[in-house]
Amino acid sequence: MGLSAAAPLWGPPGLLLAIALHPALSVPPRRDYCVLGAGPAGLQMAYFLQRAGRDYAVFERAPRPGSFFTRYPRHRKLISINKRYTGKANAEFNLRHDWNSLLSHDPRLLFRHYSRAYFPDARDMVRYLGDFADTLGLRVQYNTTIAHVTLDKDRQAWNGHYFILTDQKGQVHQCSVLLVATGLSVPNQVDFPGSEYAEGYESVSVDPEDFVGQNVLILGRGNSAFETAENILGVTNFIHMLSRSRVRLSWATHYVGDLRAINNGLLDTYQLKSLDGLLESDLMDLAILKDSKGKFHVTPKFFLEEASTNQSADSITLPQDDNDNFAMRVPYDRVIRCLGWNFDFSIFNKSLRLNSGNAFGKKYPLIRASYESKGSRGLFILGTASHSVDYRKSAGGFIHGFRYTVRAVHRLLEHRHHSVTWPATKLPITQLTSSIVRRVNEASGLYQMFGVLADVILLKENSTAFEYLEEFPIQMLAQLETLTGRKAKHGLFVINMEYGRNFSGPDKDVFFDDRSVGHTEDAWQSNFLHPVIYYYRYLPTEQEVRFRPAHWPLPRPTAIHHIVEDFLTDWTAPIGHILPLRRFLENCLDTDLRSFYAESCFLFTLTCQKLPPFCQQGYLRMQGLVSTESLRQHRVESRLLRDYAPTGRRLEDSSQQLGDQEPLGSPLAPGPLAQSVDSNKEEL
């Protein structure tokens with residue numbers, strides 16, 4: 001009877017009831033990687049995971065990717081440039097000036113195909129991100145809001161625990177690695193008396209007609225504040241902008257997150273005395289009062305503290321009552337808060353220890369230079385929310401920067417969990433100079449993430465060859481072997497892009513006379529962005545990285561070389577750029593990196609104990625530079641070779657005979673034929 005009574009429970013309704021009553025029977029889906037957010041950073045990581053064939057899922061609360069851009073920026077114009085023409089066909093170089101595209105193998109997914117505007121409309125970004133996800137078939141679960149994230153310890157898990165994600169429907173998801181790409185989505189609010197009267201950037205009207213003939217006070221001094229001011233500049237009586245710090249212009253600080261020229265019309269009207277103005281004060285020292293007419297008055301907070309409990313502007317002594325020259329004595333019709341954004345910590349359990357508790361920690365999660373959480377192994381922060389690593393230094397908070405930091409995180413994960421070493425190109429040492437020259441002239445990640453991502457060259461034994469690693473997080477240099485699976489036993493070079501150390505800052509005059517350095521001997525004084533090569537005999541230790549000299553991106557090296565700045569950012573000048581670089585490399589390696597014709601190598605073989613690498617790797621292996629009649633004639637005319645006409649004809653006949661047996665352009669070996677080749681050392 002007991003069995004027959006229990007049997008109905010195992011029908012379809014009963015099965016669900018049993019699973020609900022016995023959680024052990026309900027095993028949530030477990031994935032290797034979970035990505036929170038289908039914005040630019042989340043989609044970029046999804047692309048790399050999919051290309052690598054990994055088990056992953058992206059969770060997005062909205063029905064389409066890029067939900068942030070459906071509302072922000074409020075006035076719809078992006079400040080990320082869309083430079084469609086550079087005069088170059090090199091795709092990697094063109095990405096230096098394309099601040100909106102994500103990385104992919106599909107040339108159709110470049111943002112220049114989505115907008116012709118230099119500063120595109122945000123709707124074009126939404127359309128682009130949608131196509132990126134759809135065209136590449138990325139695995140995104142839309143309309144899925146992750147409401148809570150916690151840990152479940154398990155020794156068998158990759159990182160000693162699984163991440164447990166619960167969505168708005170109560171469904172549970174498990175993953176070994178959690179990649180958070182939710183951006184900064186919580187408006188930053190400062191709590192001071194009267195702060196409730198301020199309208200937020202996220203909700204204030206964007207219709208200029210709503211501000212006609214009004215006095216407006218804007219709290220904040222970033223791009224959102226100036227964007228708001230720019231929208232209503234022509235219809236207001238005046239706009240005052242209040243912030244605790246001075247305005248930071250991006251062309252002075254070289255930080256793209258500071259005020260961009262496209263939004264700075266208020267600076268003109270302020271300095272040209274057209275009623276608008278900028279003021280500096282800490283908001284925590286102020287109070288906003290509302291009078292009986294609905295106008296707003298700004299007063300120092302101590303005026304309020306000295307008054308009675310009635311906090312009406314009509315009953316409190318205001319600064320202008322004692323000082324008729326008080327700058328903010330005119331009442332305001334509107335107060336708008338534009339104080340930026342913070343990371344949303346609310347969904348993360350405290351056990352993940354994402355928040356440091358200090359003021360900066362309220363804006364960004366607490367992470368390492370590898371973008372991994374300091375509190376939870378296996379939790380990585382991507383995109384805008386990872387900008388604490390290079391805040392006000394580089395471009396890690398923006399698409400043209402974090403598309404490369406996301407790739408770096410993926411490479412770290414590939415080695416940690418799948419034993420895939422960091423990608424590297426192994427080349428003979430004779431190609432060292434040309435490899436560096438190519439990268440500093442083409443690489444976009446190196447160029448945009450200056451001071452954060454750097455190329456690393458690992459020398460092999462006896463400096464006969466090298467491995468070239470691209471865009472490694474330089475603050476993790478001491479852990480390079482552990483993070484990449486590569487060995488650095490025989491020395492290394494680090495190639496970084498840097499501005500001059502005293503050239504950037506809100507108080508700097510970046511247009512001073514003689515700001516440009518043109519002579520190679522003064523290259524170390526270069527101000528504009530330029531390549532800097534560090535040479536280390538040994539991999540720096542963590543202590544050396546941590547206690548490096550002030551304002552140095554890396555520890556003090558064995559040797560350092562600055563390639564002199566170039567107005568065209570084209571470091572290919574044979575004398576000004578390449579020759580000093582090659583000599584620096586030769587001094588570090590104690591070798592000759594030039595290329596030679598076969599006869600020069602033949603003479604070296606007879607007269608020198610140590611041959612140049614080019615001769616070791618070419619001539620002695622029956623490879624070299626093939627001579628032609630036109631080259632021979634050119635050297636004769638240049639007086640680099642005596643004109644042995646009869647010999648030349650005999651050799652030409654010999655070459656003709658050899659041509660019947662060997663393919664055209666076959667390697668030149670030591671022997672009689674080599675005598676026709678220039679005996680002088682040629683620098684190629």
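Keep in mind the model is a prediction, meaning the values are calculated, not measured. Residues: numbered from 1 along the sequence shown.
T569 is not listed as a side-chain neighbour of N441, based on a closest heavy-atom distance of 4.5 Å or more. Residues F69 and L129 have side chains in contact (heavy-atom distance under 4.5 Å, counting atoms from C-beta outward). No side-chain heavy atom of F93 sits under 4.5 Å from any side-chain heavy atom of S444. Between H148 and N349 the shortest side-chain heavy-atom distance falls below 4.5 Å. Residues R416 and E372 form a side-chain contact, since some pair of their non-hydrogen atoms from C-beta on lies under 4.5 Å apart. Looking at heavy atoms from C-beta onward, I146 lies out of side-chain contact with T166 at the 4.5 angstrom threshold. Proximity of L78 to P73: side-chain heavy atoms (C-beta onward) are separated by under 4.5 Å at one or more points. At a threshold of 4.5 Å between non-hydrogen side-chain atoms, the residues L138 and F132 count as touching.
With respect to D55 and R139, no salt bridge is recorded, no charged nitrogen being found less than 4.0 Å from a carboxylate O. The existence of a salt bridge linking R71 and E202 is excluded, since no basic side-chain nitrogen approaches an acidic carboxylate oxygen closer than 4.0 Å.
A 6.0 Å sphere centred on OH of Y538 holds no more than 12 heavy atoms belonging to other residues, nucleotides or ligands. Within 6.0 Å of CZ in R548 there are more than 12 heavy atoms belonging to other residues, nucleotides or ligands. Atom CZ of R54 sits in a crowded spot, with more than 12 heavy atoms from other residues, nucleotides or ligands closer than 6.0 Å. More than 12 heavy atoms of other residues, nucleotides or ligands sit less than 6.0 Å from atom NE2 of H105. Shown here is R123, whose CZ atom has no more than 12 heavy atoms of other residues, nucleotides or ligands within 6.0 Å.
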Exercise for the section: List the steps and the verdict of salt bridge (charged side-chain N to carboxylate O under 4.0 Å, His left out) for R407 and E471. Expected result: CA-CA 9 Å; R407 181 164 65 183; E471 297 159 17; 2.8 Å; yes

Practice task
For the pair Y404 and F402, evaluate ring-ring contact (aromatic ring centres under 6.0 Å, His included) and give the outcome as yes or no after the intermediate values.
Solution key: CA-CA 5 Å; Y404 301 106; F402 65 63; 9.9 Å; no

Problem - salt bridge (charged side-chain N to carboxylate O under 4.0 Å, His left out) between R96 and E442, intermediate numbers included - result: CA-CA 8 Å; R96 287 185 170 188; E442 296 178 0; over 6 Å; no

Handout entry: Chi angles and distances behind the side chain to side chain donor-acceptor pair (under 3.5 Å) call for H97, N94
Key = CA-CA 6 Å; H97 311 286; N94 288 339; over 6 Å; no

Practice task
Under the side chain to side chain donor-acceptor pair (under 3.5 Å) rule, what do Q475 and R546 come out as? Steps first, then yes or no, please.
Solution key: CA-CA 8 Å; Q475 296 309 309; R546 182 177 180 183; over 6 Å; no

Exercise for the section: Output, in order, the C-alpha distance, side-chain angles, deciding distance and verdict of side chain to side chain donor-acceptor pair (under 3.5 Å) for N90 and E92. Expected result: CA-CA 6 Å; N90 184 285; E92 178 70 12; over 6 Å; no

Practice task
Take F111 and Y128 through the test ring-ring contact (aromatic ring centres under 6.0 Å, His included) and record every step on the way to the result.
Solution key: CA-CA 7 Å; F111 193 84; Y128 170 74; 5.4 Å; yes

Handout entry: Check against side chain to side chain donor-acceptor pair (under 3.5 Å), Y201 and E227
Key = CA-CA 10 Å; Y201 169 80; E227 169 202 335; 2.9 Å; yes

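For the residue pair G375 and R353, the shortest heavy atom distance occurs at O-NH2, 2.7 Å. Across every non-hydrogen atom of V545 and P540, the tightest pair is CG2-CB, 4.3 Å. Scanning both residues, A488 and L458, for their nearest heavy atoms gives CB-CD2, 3.7 Å. The shortest heavy-atom contact between L413 and F380 is CD2-CE1, 3.5 Å. The minimum heavy-atom distance linking S373 with R368 is given by the pair O-NE, 4.0 Å. Across all non-hydrogen atoms, the minimal contact from S370 to V409 is O-CG2, 3.9 Å.
Between the side chains of T144 and D167, no donor N or O sits under 3.5 Å from an acceptor N or O. Side chain to side chain, Y114 and N100 fail the donor-acceptor criterion of an N or O pair below 3.5 Å.
Formation of a donor-acceptor pair under 3.5 Å by the N82 side chain with backbone atoms of A117 is found in this model. The backbone N or O of K88 lies less than 3.5 Å from a partner atom in the side chain of T86, making a donor-acceptor pair. A donor-acceptor contact shorter than 3.5 Å is absent between the side chain of R411 and the backbone of P423. A distance-only check finds a donor-acceptor pair linking the side chain of H113 to the backbone of P107 [under 3.5 Å]. Panel note: side chain S394, backbone F450; a donor-acceptor pair is recorded below 3.5 Å. A donor-acceptor contact shorter than 3.5 Å links the side chain of E544 to the backbone of T541.
For F398 and W99, the distance between ring centers is not under 6.0 angstrom. Aromatic rings from Y72 and W341 are positioned such that their centres are separated by under 6.0 Å. Taking the ring centroids of F163 and H161, they lie under the 6.0 Å cut-off. Note: Y535 and F493 meet the aromatic proximity criterion, with ring centroids under 6.0 Å apart. Ring pair Y364/Y391: centre-to-centre distance below 6.0 Å.
Rounding to the nearest 0.5 Å places CZ of R248 at 11.0 Å from CG of L259. Note that CE of M449 is 9.0 Å distant from NE2 of H400, once rounded to the nearest 0.5 Å. Atom CG of N355 and atom NZ of K362 lie 8.0 Å apart (nearest 0.5 Å). With rounding to the nearest 0.5 Å, the separation of CD1 in I81 from CG in D98 is 8.5 Å. In this structure, Y47 OH and D106 CG are separated by 8.5 Å, a value rounded to the nearest 0.5 Å. Going from atom NZ of K426 over to atom NZ of K460 covers 5.0 Å, rounded to the nearest 0.5 Å.
Identified under the ring-ring contact (aromatic ring centres under 6.0 Å, His included) test for residues 164-188, with sequence neighbours left out: F59-H173.
Residues passing the ring-ring contact (aromatic ring centres under 6.0 Å, His included) test with W158 are Y33, H417, H418, sequence neighbours excluded. Remark: R486 engages E467 in a salt bridge (Lys or Arg N to Asp or Glu O under 4.0 Å) (not counting sequence neighbours). Residues satisfying the side chain to side chain donor-acceptor pair (under 3.5 Å) test with R112, not counting sequence neighbours, are none. Here D455 pairs with R439, Y468 under the side chain to side chain donor-acceptor pair (under 3.5 Å) rule; sequence neighbours left out.
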Tell me which donor-acceptor pairs under 3.5 Å the side chains of residues 178-190 have, and how far apart each pair is, sequence neighbours excluded?
residue : atom : partner : partner atom : Å
N188    : OD1  : N342    : ND2          : 3.2
N188    : ND2  : L339    : O            : 3.2

